[in-house]
Each structure stands twice: as C-alpha cells, then as structure tokens.
Amino acid sequence: MTDTTPRIYVSTKRRPKEDGRFVSGAGRFVADIARPGMLHVALVTSPYPAAQIINVDTSVAAACPGVVTILAGPELANATAPLANAVDTPGVKIFPLAQSTVRYVGEWVVAVAAETRAMAEDAAELVEIDYDPMPFVVDPTEALGPSSPPVHSDHGNNILYDRVFTWGPVTDDFTISPHQLSFHVRWGRSATVPIETFGVIAEWGAGNQILDVWASIQMPSYPEQIASSLKIPLNRVRVHYDVDVGGSYGVKRGIKHTILVGYLARKLSRPIRLIEDRLENMTGGDMHGPDRRFDVSVAFDAQGVIRSLKLRALEDVGAQTGRAPFQLGKPVSAIVGAYRINSVEYHATAVSTNKTGQTAVRGFGMSPTNVALEMAVDKVARYLSLSRLTVRRRNFIRAYEFPYRIPSGSEYDSGNYHTVLAKARDLSNLDKLLARRDAARALGYVAGIGLATCLEPGGGNSAFEPLLNPKNETTTWPESCAIKVDRTGRVTATIATSSSGQGHQTLVATIIGEELEIDPDQIQVLHSDTLSALPGNTPVASRMAIMLGGAAAGAARKIRERVIQIGAHNLGCGLDDVIYCNGRVVRVGYGGQFITLDHIALIAHREFHNLPPGLSEPGLQAIHVEQVPQGGTLPKSDGRVQMYPCYSFAAHMVYAEIDRLTGKVSLEDYSIAHDCGTVINPDIVRGMVIGGAAHGIGAALYEEFVYNSAGQLLSGTFVDYVMPSAHEVPYIRVAEHCTPSPLTSHGQKGVGEGGYLGAPAAVMSAVNDALNPFGVECLELPLRASKLADLLAEAE
Amino acid sequence: MKAATFEYVRPTHIDEVVSELARAGTDARIIAGGQSLVPMMAMRLVRPELLVDINHVSELTGIGKNNDSVCVRAATRQADAGRSEIIARVVPMLAAAVPFIGHNQTRNRGTIGGSLAHGDPTAEVLLVAMALGVTLDLRSEKGERSVNIKDFAVAPMETVMEEDECLVAARFQPAPTDLRVTAVVEEVAPRAGDYAILSVSAEIGLDLGGFCRHLRLGVSGATPVPFRPHMVEIALADSLLADDEVDDAVHLIDPVLDPESDVQASAAYRRRVAPGLLGRAIRTARDRAVVSLV
C-alpha cells in the first residue's frame, strides 16, 4: 500500500505556525505571567531517604522580611484529599507536603510563601526540622523482600503491582524450540529534561469563586485531580491552556505543585506562583523516568525464528506512585515489537523504594522494553551466526498480514517493516559501513554497527488503566475540536489542550485547511481553557496527529457539509449539482457559477431567509469529539486488550567507534528510516524523529539519576546528570516511508516517540557489536565511557 | 537558586580592589567572569557579604611579553587568551588548553585568573599553570608577593591566597624558540566542555635531529590537585620519544596517583587511563613536531 492521495496542504512542507512566536521571543510561558499581588513559594526538603518528622519550628523563618505564610504537611493534608494513585494501592497516601514521615531525599516538607522568591528562600533556610532517621531501601530487588523496610507502612510491603500475564502456549513453545537464550538488561533511571522546569500560578477569584490555574502542564485529568484534591467542584477549576510549555515529553505533571499553590491561593486570597528551580526539579520534582531491570528469555529455531518470549520487568518507581506503574502497561500494546512471536509471558512488577517518585517519560515505558526485545533479537543472530538484518526479516510481520493481532490482544493497523528496514539499510549504505567497521577493527579500533527497530503505538485509549487497575473502567480517551466560521468567513478553531512544542496549531490548521481548501495560515487556532473546552486528554502517547487531527477533520467536514447545503440552495440547485473547491461552492456545468465561503458565512450568520429549509440553526460552527479508533472495550480476563489504534515503525542504523583507552563512544554515522503513515507537516515530523533520537542517545550513553547506598541523589545537577549536546549528537539522515493508517482521517499515525524508542536499542546494539570481538558485553544503560573502558581492560 | 543577600562594589583601580577586600575582612569575594562563582552563590554553597567586581579594572586585563616572561593579567578572558598571537606562539600549551575550557559562551566571560584563584582541580588553566611552573603575582593592601603555582594550589578549591589578596597576573616562561615546539591537551570528559574526568597536557620541543630537548607535562584528575610529572620529563629527556620509551616512562606516574571514584568514573579507571592518556598526548605532540620538522 502506498499513499497516492492528492493533497493541498497535508504533507506539504510549510513553516509551522508556532515558529514565528518562538523565534521572535513572543512565546508566553508561566514565567511570563505576572498576576497582581502575586506571592512566591520556596520549599524546605528532606535531607533523609526515610525519617520521622519530630518537630517543625518555623518561628525564626516566619519573622523574616516578606514572609506571608509558612505551611507544613498536617495542615495541608487535613484540608485536601490525597493525590491520585494509578494502581489500586489505598495504603499509599501522598500529599504535596510530607506529613509525619519523609520517604526520599528532596521530598517537600514545608512551603514558604513570600513577596519574592529570594525572600522565600532566605526564610526557608531558617525553618528548623528535627528528624529521626528510619531504615530505608534503595535497591529494588531488596525492596521486594519481606525483610525490607516498607516505604509506605500502611501498604505493608513495597510491591505496588505484580502480575504474570501469559498470552499463548509459552511453555509448549519453549519446549519445542531447539534453542533458548536468557539474559539481563538494565535501563538506568533517566528522563526527559525540559529547558523549562515545572511552574504554576494559582489564583482564587473572590468574585467568581473560580480557581484560575496557569501551568507548564502536560497531564491528563489535571483539572479533575485539582478539583478532587482541593475538594471543590470541577466547574470551579479553570486551567488556562494558552500557556506555552517549554518542553515536556511526559514529565510536566506538577499535580502536587498545583495542589499546594491552589490551597495557598484560596487560604491567602492572593495569587501564588511556584516555579521549580533546577535543583527542586531534578530532586523533588516530577523528573525521574523508568528505572527498570529485565530478565529476558527467548525460544527460537535454527533459522532464528523466535517462537516465544518471557519478559520479567522490575520497575523501581521510587517513593511516589502517581501514574508510574502504568509505564509497565503500555509495552503490552506492542510486546512483540515488529515480530511474529507466537506467545509471550510478561511478568510486570512495580516496587517502591526511597527515591524520588517516577513520572511519565516519552514512550511511557516502551523504550526500555524495546531495548530488551531488540537485544534478544541481536543475541539470537549472534548465537546462530546470522546477520541481524536477516533475523529481523525472518521474524517481521509480513506486509500482507495486516491488520495483525499480537498475542497480547492489540491489532496493528498497517505497516511494511521489510521495506522500511531496506530503506534504512540503503540510507546507511550498509556495505560501506561494514567495510569501514572492518577496516577500523583491522587498525585496532573498537568499532561496531548497531541496528534496532521499534513500534510506536499511537492514539491510545489509556487501556493500560483498566488493565493494571480493575477498578478503573476507562475505555475512551477522546479529543475535541470546535470550529467557528465568523460572519466574514474567517475560520477559528479551538482546541482543548496546551502544547509543549508539538505544533498542534499547525496540525489543526493544516487539516482544516485541507478539508475546507483554504490557506492554513489564514486559520486561527486557539488553546482554550478547561471550563470552555470540550473533552480532551492532553498530548500524551503520540496521540494528537491521530486524535486531534481526527477531531479537526471531523469538525471541518461538518462545516463543509453545511457550506455545501447553503451554497447549493443559494445557487438554486441540488446537492448533487455542486462541488466544493478552493473555498467556493461551484455549480457544475453552469459556466463556473459559484458562491464563496465568505458569502455563505454571511448568509449563515445574517440572512436566515436564505438558509435552506430544515437548517434552523444560524451561524456556521461545528464541534467534533473524536472517539479512539478501535477503542471502547475493557481488557479480557487474561489481560488481552486493544490498546492503541495506530502503529508507526522505525529502523535505526548507527556506526560507533569506542576509544579503547578511555571508553568514549563516538557515533560516527546515524540513519533512520521510519513510517508514521501520512505526514501532516514534514518539518515537525523530522524534528520529532531527530529530536527523539537525540533524546534516546542521552539515555543510551549519558543520562542517569544515580543514588548511592545512603539514598542520596548523586546526579542532581547538570554537572553529573549529563545530556547530549550538539557535540555529541551526530548528523542524522532520515528516510520516510508511508503506509497510511486505515483508521485515521488522513492515514496519519503517531511520531512523537519513535526516535526515542529506537535510539537506545540501536546504540546498545552498536556498542555490543564493537565489544563482541573482545568477548565482553554491556547490557546496562547508560553505557558510560568508564564502564566500557573497564570492560575492555578486563578483556585484555 | 537565588543568592543570599550581598553587597556589591565595582572599583576601577586595583588599589580600591585591595582596600575593599581589606575593609570587608573574611566575607568578600572577587568576581570576574562569574562562571563558577555565580552558580555556587545561586546554590548558596558560598555566601559572600561583599562582591568586588574587577571587570572594570583595566590594570587587570591584558597579555604582555617581556624578555623573560609572558604576563597574563588575571581578568583576561579565556577567549582572549585563546585568540592571542603571543599565547599561541610563546605559551602553546595554554593555547591548546583553551578549547577545553567550557564552551565559547563561557570563555567569553570566564577569566584566566578566575580559574586559578578558584582552585578547581579540574580546571585546564590550573593544569597548564602547573605543567609550566607559572609564577603568580598577588597583591593586598599590605603589599605584593609572588608565589609559584606548585605552592599556590594546595588542595581542591584551596589556594594559599589570603582573604585580602587579589591575584594580579600569571607569568609564564616562554617556550624555547630554537626548537620545534608543539603542545597537546588530551581530556576525558563526559561531554565536550564538561568538567574533565582526566586531563593531561604535553609541550615538547624537538631539535633538528628529532631529539626531545624540552618537555613540560601536566596531569589532572588522578591526584587532589594537578601535578607536573618531573620523573617522566627526566626519563624522556634527550630521547627520540619512541613509542615504547613513552609508554614505559608514563607509568612512572603510577605511584603518585591517588584518584577518587565518582558518578562518572571509578578510581581504578582514572588510575589506569591517566598514564595512557599522558602517553597519547606526548605521542601526538611528537608526531606534530616531527611533521613540522619535515
């Protein structure tokens, strides 16, 4: 299947609508918003991984200049409900400020509100807290054991989630397969690190009794959780979506921040702002992503065909649950990756430790799992002395098999994995790359080629919620768009989300432009607020091209239908006698007699007498709430579930050299071929793919939140939490392929995560190809230079 | 990350600088480029009561050469040192080190004297100063004194400067002019521009026969402060710097090494890699000098 649909704006290279305001410094971020009389918050945090709070003395701090109030945990907990837990763990009660116990270094204990942030910090230093240190646990395997101190004593132990899923005849498949391999993979605790830390302003309106919230937010059910924790009706919470978000990819959650300032705003009747500084962000904010250990077993035959997979995933979610355990759920949606694996056993365990709580990160747990899966395929190839491409080709789902249902229940909509892999091979000029590697090796260099593929599920239903928590019956996760055509024919669309750089205004304008055949630059797209917005679920899970795109197309098609009705009526003919073309309704065969959209808009708004009979509603507007394609059903009892409608695919090829002395990895050549169905905006897609790969290179080589055995975070600043810069990320070549999704408005799929899902596995593949001649391997991310050098030295 | 309250003065003459320091007693800090001091103040790791800004003291800026030394005044920007023809010609090891000091943007602010006075053991300027045996001129209200670098940096982040003293200049011995001189800095850092895990420097001078008649070396990251490995310099003096000679000689530093482990690398890694990196720097410098001989 190839895409030959003629299009005007979709897939056309056009400058994203948002570029102008960001390039000219005209963005509007939380820090740009100043409310009259606004107070600022600083936090006093725990220096212990676990301790009883014996006494809090705020008397000296309270007397500091500019201090308005000092808030400790018990007062806040009495006035609010606990923050939501993803899984069913009623014994885990989290409030923004610690009550009687602290559970990790950096946990908030006391909040100081003052006239300036500096004044608040001056006072925060003078708050005196007496602690009685308690036993704690840092290692997740130890945390599983019965003798481990429980992080949440009311929960009884540290196991927050534990289930073994069996999909298909795993035991039989392992028995009949002639070969089996088992190994461990470790994904280090890393994250997405945005330029802008989390920030929020809350203001309680004495007149309208509404809590206004401006936040750097990317979080589903944010207003709902605010209302529920603050115990106010949802229609008194107004989250403003017209706030630019300076980076997120999952981490901009900030619910505890918002409950804290929301409470203070109501208590003090003054606007309150909390903008994390980098230390607060890295230590006590929503900043730590998956931290996962895998035990992997594969059963396969002499041709390298993999029959069955056993995956044990142990996720260290730290001390605060939030949505973290759900990150074990999303991988179920593509548990076999691009491969026809017949059966799978998936043992998912989430364990709490005395570390900063885990939050969502790009791919929502998929990237670690993909590393485990891709290393299994590499190992099968190496074991059988087959090429890694060959083994992948033999295991790939064939193009003619779509739609294809995987053992865990999801149906992949479309794809052509063999073709995309061939494009990656050609783009990387693999034969030359092999020659280069072998020549480098002959000169004594440590050199390797990496290869990884990945599935990117997009447009989800949040079906991992009912899968991991039976009390949660979520089966839809809609997205909306409202379009109004004003009296002059100008088009304005309203969307129910804020954006963290994904280009939703471009997306919506392009799709409406395509449907109404008008220039997207002339279309206004507004971010609304939660009280005026229709249902929305925020830009998570690579869903907006699919879901917001679908909503925009749905609303635009309703407008178009109405325009044609009014046009035909005013041209004095039937609906079958007209076509809609370039913003005009044209009567076919009458010398080009037509009526413009502008004129039709005027009729709709002002000339009721010219509306066709049966059209009783004046104006020209439409709303559309898009249901998730393939959604609507609960998981079956064995955990089979349709999770995501659309499945993008990518193949990464990378050539790496490792300095034998220092262990430094240099990525010398990088190619990606990908298929996200129909591309809406080529620049945005390219940015997502390359940016995602850079993000993945960070997880692969550099980034880790490291804890020592005393429970202290050792990499809480950018000195030690190292992200790749322009020096470290190579030039990345990109090739596209288009297998349209049959389920979406224009054949589009998701693309926000694929770069990040492929790169860590590809880099690990390259490094291990380089290490292979030395008889050593490293399956622990990040692949630090010192670790690799130590391995090479041992091998010699 | 807001600094604690402080007073701020911006004198224009060095006399005022030292009198401000004398007036403030123990709680004053000099600020030049601020690339290290400002983040430390923002994190409240240091909290001076008085900041003496020397950016407007013209006597403290500039690079000059007389017969027996090159004088780099303390507030000279690292970027300016990197662009200086005098430095490139006469202090090639410093020129080779500049690209490793942070990034362009930080070098436009950061100063040579600031790096030295701050005493961060990973600072490339300190490595070079140690390898070249730089002399530092210090001044206070009480008078002036000169200190050799090896007596100056006594521990990580600790120098012999008194609280009322201002670093005025660093004086470098010029490299020999009758030899083919090249200099190389090698570094292991998590990323380009980061604090080094290990860094080494080598400045060599070959005569027309290819014999090494001048050798200055520095090693940083494997001892509390950078050091100059005299034993290697002596072992390789007047040699041809053949690979096996170099590879043997660099291991003379092994007994001196006393590294620590951190997030980025183990002590064992530093101990193992430091001599190898030093050997690489010497061989690279030799190869470049040999090319220039041909």
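Throughout, a chain's letter reflects where its sequence line sits, starting with A, and its residues are numbered from 1.
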Name the region of A:Asp659, side chain, backbone, both or neither, that has any atom closer than 4.5 Å to a heavy atom of chain B. side chain

Exercise: do B:Ser115 and B:Gln78 side chains pair donor with acceptor under 3.5 Å: yes

Does any heavy atom of chain B fall under 4.5 Å from the side chain of A:Glu121, the backbone, both, or neither of them? both

If I measure from the heavy atoms of chain A, does B:Arg44 come under 4.5 Å with its side chain, its backbone, both, or neither? side chain

Kindly determine whether A:Glu728 and A:Ile697 satisfy side-chain contact (heavy atoms from CB on, under 4.5 Å), including the steps that lead there. CA-CA 9 Å; A:Glu728 282 73 40; A:Ile697 288 168; 5.6 Å; no

Are side-chain N/O atoms of B:Gln35 and B:Thr106 paired as donor and acceptor at under 3.5 Å? no

Decide yes or no for B:Ile197 and A:Thr662: does some side-chain heavy atom of the first lie under 4.5 Å from some side-chain heavy atom of the second? no

Whether A:Lys787 and A:Glu704 form a salt bridge (side-chain N of Lys/Arg under 4.0 Å from carboxylate O of Asp/Glu) is what I want to check. no

Any chance you could lay out the salt bridge (Lys or Arg N to Asp or Glu O under 4.0 Å) test for B:Arg47 and A:Glu125, step after step, and finish with the verdict? CA-CA 13 Å; B:Arg47 41 199 332 155; A:Glu125 286 186 318; 2.8 Å; yes

Looking only at A:Thr717, A:Asp720, A:Asp122, A:Thr116, the option with the highest number of non-hydrogen pairs under 4.5 Å against chain B is A:Asp122

Could you tell me if the side chain of A:Val261 sits less than 4.5 Å from the side chain of A:Ile201, heavy atoms only? no

Against chain A, label B:Val263 side chain, backbone, both or neither, depending on which of its atoms sit under 4.5 Å from a heavy atom there. both

Per-residue contact mode, B:Leu277 against chain A (heavy atom under 4.5 angstrom): both

If I measure from the heavy atoms of chain B, does A:Val722 come under 4.5 Å with its side chain, its backbone, both, or neither? both

Out of A:Asn708, A:Leu661, A:Val706, return the one with the most heavy atom pairs under 4.5 angstrom to chain B. A:Leu661

Counting heavy-atom pairs under 4.5 Å with chain A, the top scorer among B:Ala265, B:Ala42, B:Ala4, B:Ala192 is B:Ala192

